[in-house]
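Working notes, structure below.
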Amino acid sequence: MKNYMLLILVLSALMACAFDKQKHQRHQLNQPYLKKVYYDGTTDDLLTAGLGLSGLRGPAPEISATPTAKALRQASYYHQFRALNDLTAAGGYGRLYGMKENQKPIAGFEYWSQRKLQAGPLHTVVVQIPDHLNREHPCLVVAPSSGSRNVLGAVGTSGAWALLQGCAVVYTDKGSGTEIALIGDQAYQIDGVVKLRTGDQTGLLSARKLQPASDLHVIQTHAYSQAHPEQFWGEFVLDAAQYALQLLKAERELARKQVHVVAASLSNGGGAVLRAAEKDLVGIIDAVVAGEPQVNLQHTYILQQHKKNETIVSKPLLKIANMMSLMEPCAALDSSLMDAPFKANTLMIQALLINRCQALVAAGLIAGKDVSEQAAAALQKILAMHIEPAALQLSQINTLVGMWSAINHTYSNSYLQKTAQDNLCQSAMSAFTSTGEPRPLTVTEVNNMFALSNGIAPSNGVELAHTNAENEVQSRMILAADFGLSSQLCFADLRHTSAMQTALQKIMAQPHKNKLPTIILHGQDDGTVAVNHTSRAYYHRNQSADHQNTSLKYYEIQNAQHFDAFLAYPGFKEKYVPMHPYFEQAMEMMLNHLRHGSSLPPSQVIPTQPRGQNNDLEALHVPVIRQQAEKTITLSNNQLVIQ
């Protein structure tokens with residue numbers, strides 16, 4: 001179990017995984033910005049926080065127990081880049097895509113603020129305007145964070161691409177982020193520094209407040225803000241874009257009509273930009289690029305694939321998480337998944353997974369006289385939800401990190417606007433000793449939380465925990481009875497309550513309202529965001545509308561899964577290709593479409609080729625999106641046809 005926890009620490013970094021006094025100004029919340037910093041491109045910069053590609057590939061920058069904003073920013077860049085990319089040269093970064101090995105630092109101004117929607121919660125925004133901003137064809141990229149990350153969550157994806165093209169960037173944390181409840185008079189500044197509440201600090205202090213439960217409970221923003229921020233993710237994107245446009249006008253004298261605005265991000269950041277496109281009634285943004293977007297929608301369609309027809313009834317993330325949290329730990333024992341990446345690591349907890357299988361039988365949820373039959377039955381429950389079989393190759397790593405249980409905890413508490421004091425389903429976030437005893441976070445962990453946490457367990461010492469009826473932290477969730485089954489059954493039951501149904505209705509996408517030029521990309525082997533329930537459903541609903549959006553294109557990538565960061569590891573690099581080269585291609589195509597009227601290639605499947613073992617990724621492994629598609633994606637007789 002000790003080796004298992006060491007592994008969890010490594011994996012949580014993957015899943016997660018300056019306040020410079022020079023030229024800075026402070027303003028009150030009602031001013032254009034709370035903080036303005038100039039990065040000269042020598043000691044620090046906008047693109048890599050002074051690390052350069054070699055620094056991003058190297059050891060993590062040292063960060064003290066009481067870090068400065070500059071140190072937090074640099075550490076955040078390091079972990080955000082590495083959490084969302086395979087930065088290795090063997091994986092193609094620096095050669096085939098991404099910044100080049102000899103990329104020069106990018107100088108420019110950075111503006112920090114915290115904004116409140118008229119009818120909604122706060123979100124933190126950061127605007128970057130590079131010195132080399134393209135004045136002939138000005139552009140702005142709106143980059144909401146993926147996952148539950150801090151405001152800098154997209155620096156390594158849409159942000160980096162934008163700066164390399166001479167675009168300005170505006171980031172938003174979508175009302176989530178990595179702050180935790182603090183004790184006494186301590187408070188977060190919007191840049192992550194923990195300060196005492198004193199008179200001269202109030203200009204930068206975050207206006208968010210989180211309610212503590214005990215010194216063993218970790219209270220993070222996404223789960224416990226009581227604001228249900230997801231219902232406003234589209235509005236956050238639009239608000240961030242408006243704020244950046246105002247700054248471009250004030251600082252660079254650029255009018256809205258001069259600037260091409262593209263909203264672009266990944267995962268639930270990708271979902272946020274699609275929601276923004278649906279809600280933009282006044283032309284705040286011009287186009288959208290969404291990579292593997294997490295969207296929730298209600299839609300039924302017929303999928304024709306591999307010469308078979310299936311009727312797909314799309315399901316929201318929480319319903320999928322409920323089923324997967326119950327069944328995947330048992331299904332991971334199925335013989336068809338013996339060669340899945342990280343299978344050797346789940347052997348360390350195999351006894352716990354067998355207990356889960358037996359508990360599912362006892363609860364009447366599956367049948368089977370032995371573990372083999374039980375695992376097969378659990379796997380069939382998952383496949384019956386129309387999860388792509390290839391996506392289940394991620395079952396081992398998902399089980400190791402408790403991804404679905406963490407989603408249940410975070411999103412259920414968020415949707416129902418609970419606090420940790422409510423002890424929802426006896427599930428909590430806490431830290432533990434090496435022997436499994438609950439412990440408070442250290443001062444270092446608290447002070448580094450902004451940079452090193454991903455806003456959801458596990459990360460930076462925070463793990464999913466099981467509590468008793470009195471809300472006292474008892475153990476890690478995986479060590480609760482039957483691998484935490486009672487907690488996951490509770491979350492599944494919550495989905496049927498009227499309060500949860502009301503909350504879910506507030507986040508349903510409306511694809512037919514998206515009339516903007518849009519590119520959606522998705523990996524066919526995505527084990528985190530189910531393609532049948534998100535991108536395919538979204539594309540079909542949009543294209544089957546009375547007035548379909550002919551400028552919405554959908555590209556599926558063969559042999560691609562959700563986390564490019566995993567590709568540096570054995571078991572992944574042999575089987576999968578990166579998504580990021582295609583995200584960059586989509587960004588380039590969209591900007592050319594806006595600037596020059598270039599046509600967007602038709603919707604298609606990209607036939608990639610895994611590189612195998614001990615091979616470097618080359619161009620032949622990741623063929624480009626083509627104007628003459630080899631494998632098209634079309635609608636025929638109202639069916640979505642994937643060749």
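- When every heavy atom of Ala241 is checked against every heavy atom of Ile284, the shortest pair comes out as CB-CG2, 3.7 Å.
- Lys279 places no side-chain N or O within 3.5 Å of a backbone atom of Leu274 that could act as its donor or acceptor partner.
- Here the rule is side chain to side chain contact (heavy atoms under 4.5 Å, CB included) with Gln561, and of Asp526, Leu567, Thr528 only Leu567 fits it.
- Across all non-hydrogen atoms, the minimal contact from Lys195 to Leu205 is CB-CD2, 4.5 Å.
- Residues Glu445 and Asn460 share a closest heavy-atom pair of O-ND2, 3.1 Å.
- Val169 has its side chain out of reach of Leu46: every pair of non-hydrogen atoms, C-beta onward, lies at least 4.5 Å apart.
- Annotation: the span from Leu441 atom CG to Ile180 atom CD1 amounts to 5.0 Å, rounded to 0.5 Å.
- In terms of the side chain to side chain contact (heavy atoms under 4.5 Å, CB included) criterion, residue partners of Ala499 (sequence neighbours excluded) are, by chain and number, Leu416, Thr497.
- With values rounded to the nearest 0.5 angstrom, Leu72 atom CG is found 11.5 Å from Met449 atom CE.
- Looking at Ser265 and Ser158, their side chains never bring a donor and an acceptor atom within 3.5 Å of each other.
- For Glu292, there are no salt bridge (charged side-chain N to carboxylate O under 4.0 Å, His left out) partners at least two apart in sequence or on another chain.
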Under the ring-ring contact (aromatic ring centres under 6.0 Å, His included) criterion, do Tyr224 and His409 qualify, and how do the steps go?
-> CA-CA 10 Å; Tyr224 294 124; His409 171 90; 5.7 Å; yes
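- Side-chain atoms of Met324 and Asn398, non-hydrogen and from C-beta on, never get closer than 4.5 Å to each other.
- Here Phe232 contributes atom CZ and Lys506 contributes atom NZ; the two are 7.5 Å apart, rounded to the nearest 0.5 Å.
- The closest side-chain heavy-atom distance from Asn454 to Thr178 is not below 4.5 Å.
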Given Ser427 and His466, is the side-chain hydrogen bond (donor to acceptor under 3.5 Å, both in side chains) satisfied, shown in steps?
-> CA-CA 5 Å; Ser427 178; His466 192 255; over 6 Å; no
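- The closest side-chain heavy-atom distance from Leu400 to Met403 is not below 4.5 Å.
- Note that the CG atom of Asn268 and the OG atom of Ser146 stand 6.5 Å from one another [nearest 0.5 Å].
- Not counting sequence neighbours, the partners of Arg536 by the salt bridge (charged side-chain N to carboxylate O under 4.0 Å, His left out) test are Glu388, Glu556.
- Considering only residues two or more places apart in sequence or on other chains, Asp86 meets the salt bridge (charged side-chain N to carboxylate O under 4.0 Å, His left out) condition with Arg611.
- Under the 4.0 Å criterion applied to side-chain N and carboxylate O atoms, Asp173 and Arg208 are assigned as salt-bridge partners.
- Side-chain atoms of Asn150 and Ser76 include a donor-acceptor pair closer than 3.5 Å.
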Walk me through it: do Gln510 and Glu278 pass the test side-chain hydrogen bond (donor to acceptor under 3.5 Å, both in side chains)?
-> CA-CA 7 Å; Gln510 297 178 299; Glu278 299 163 17; over 6 Å; no
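- A donor and an acceptor atom, one from each side chain of Asn423 and Thr467, are located under 3.5 Å apart.
- Of the possible donor and acceptor atoms, one in the side chain of Asp422 sits under 3.5 Å from a partner among the backbone N and O of Thr419.
- For the residue pair Ser535 and His522, a side-chain donor N or O sits within less than 3.5 Å of a side-chain acceptor on the partner.
- Here the CE-CE distance, from Met327 to Met385, works out to 9.5 Å after rounding to the nearest 0.5 Å.
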Side-chain donor-acceptor distances from residues 314-323 under 3.5 Å, at least two apart:
residue	atom	partner	partner atom	Å
Ser314	OG	Leu297	O	2.7
Ser314	OG	His299	N	2.9
Ser314	OG	His299	O	3.1
Lys315	NZ	Val313	O	3.1
Asn322	OD1	Arg495	NH1	2.9
Asn322	ND2	Leu318	O	3.2
Asn322	ND2	Asn408	OD1	2.9

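- Formation of a donor-acceptor pair under 3.5 Å by the Arg439 side chain with backbone atoms of Phe432 is found in this model.
- No donor-acceptor pair under 3.5 Å is formed between the side chain of Thr221 and the backbone N or O of Ser225.
- Between Phe563 and Phe566, the angle of the ring planes lies from 30° to 60°, which puts this pair in the tilted group.
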Under the salt bridge (charged side-chain N to carboxylate O under 4.0 Å, His left out) rule, what do Asp191 and Lys70 come out as? Steps first, then yes or no, please.
-> CA-CA 9 Å; Asp191 52 22; Lys70 180 175 181 178; over 6 Å; no
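- Annotation: side chain of Cys425 is in contact with side chain of Leu494 (closest heavy-atom distance under 4.5 Å).
- No side-chain donor from either of Ser430 and His217 sits under 3.5 Å from a side-chain acceptor of the other.
- For the residue pair Gln114/Ser206, the side-chain donor-acceptor check at 3.5 Å is satisfied.
- Gln74 places none of its side-chain heavy atoms less than 4.5 Å from the side chain of Tyr78.
- Within the 3.5 Å criterion, the main-chain N or O of Ala565 finds no donor-acceptor partner in the side chain of Arg82.
- With sequence neighbours left out, Asp280 forms a salt bridge (charged side-chain N to carboxylate O under 4.0 Å, His left out) with no residue at all.
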Mind running side-chain hydrogen bond (donor to acceptor under 3.5 Å, both in side chains) on Trp233 and Glu235 for me, showing each step along the way?
-> CA-CA 5 Å; Trp233 281 357; Glu235 285 90 340; over 6 Å; no
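- Side-chain atoms of Ile456 and Gln220, non-hydrogen and from C-beta on, never get closer than 4.5 Å to each other.
- Within 6.0 Å of the NZ atom in Lys116, the count of heavy atoms belonging to other residues, nucleotides or ligands exceeds 12.
- Between Val273 and Val289, the shortest heavy-atom contact is CG2-O, 3.8 Å.
- Checked for salt-bridge contact, Arg115 and Asp239 meet the test: a charged N lies under 4.0 Å from a carboxylate O.
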Going through the distances and angles, do Gln426 and Gln474 end up as a side-chain hydrogen bond (donor to acceptor under 3.5 Å, both in side chains)?
-> CA-CA 10 Å; Gln426 295 181 230; Gln474 300 296 292; over 6 Å; no
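- Ring centroid separation for the pair His123 and Tyr171 does not come in under the 6.0 Å cut-off.
- Heavy atoms only, all atoms of each residue included: Asn448 and Pro67 are closest at OD1-CG, 3.1 Å.
- Leu47 places none of its side-chain heavy atoms less than 4.5 Å from the side chain of Val155.
- Nearest heavy atoms, Gly153 versus Leu84: O-CD1, 3.4 Å.
- For Phe572 and Tyr569, the distance between ring centers is not under 6.0 angstrom.
- Taken to the nearest 0.5 Å, the CG atom of Leu210 stands 8.0 Å off from the CD1 atom of Ile219.
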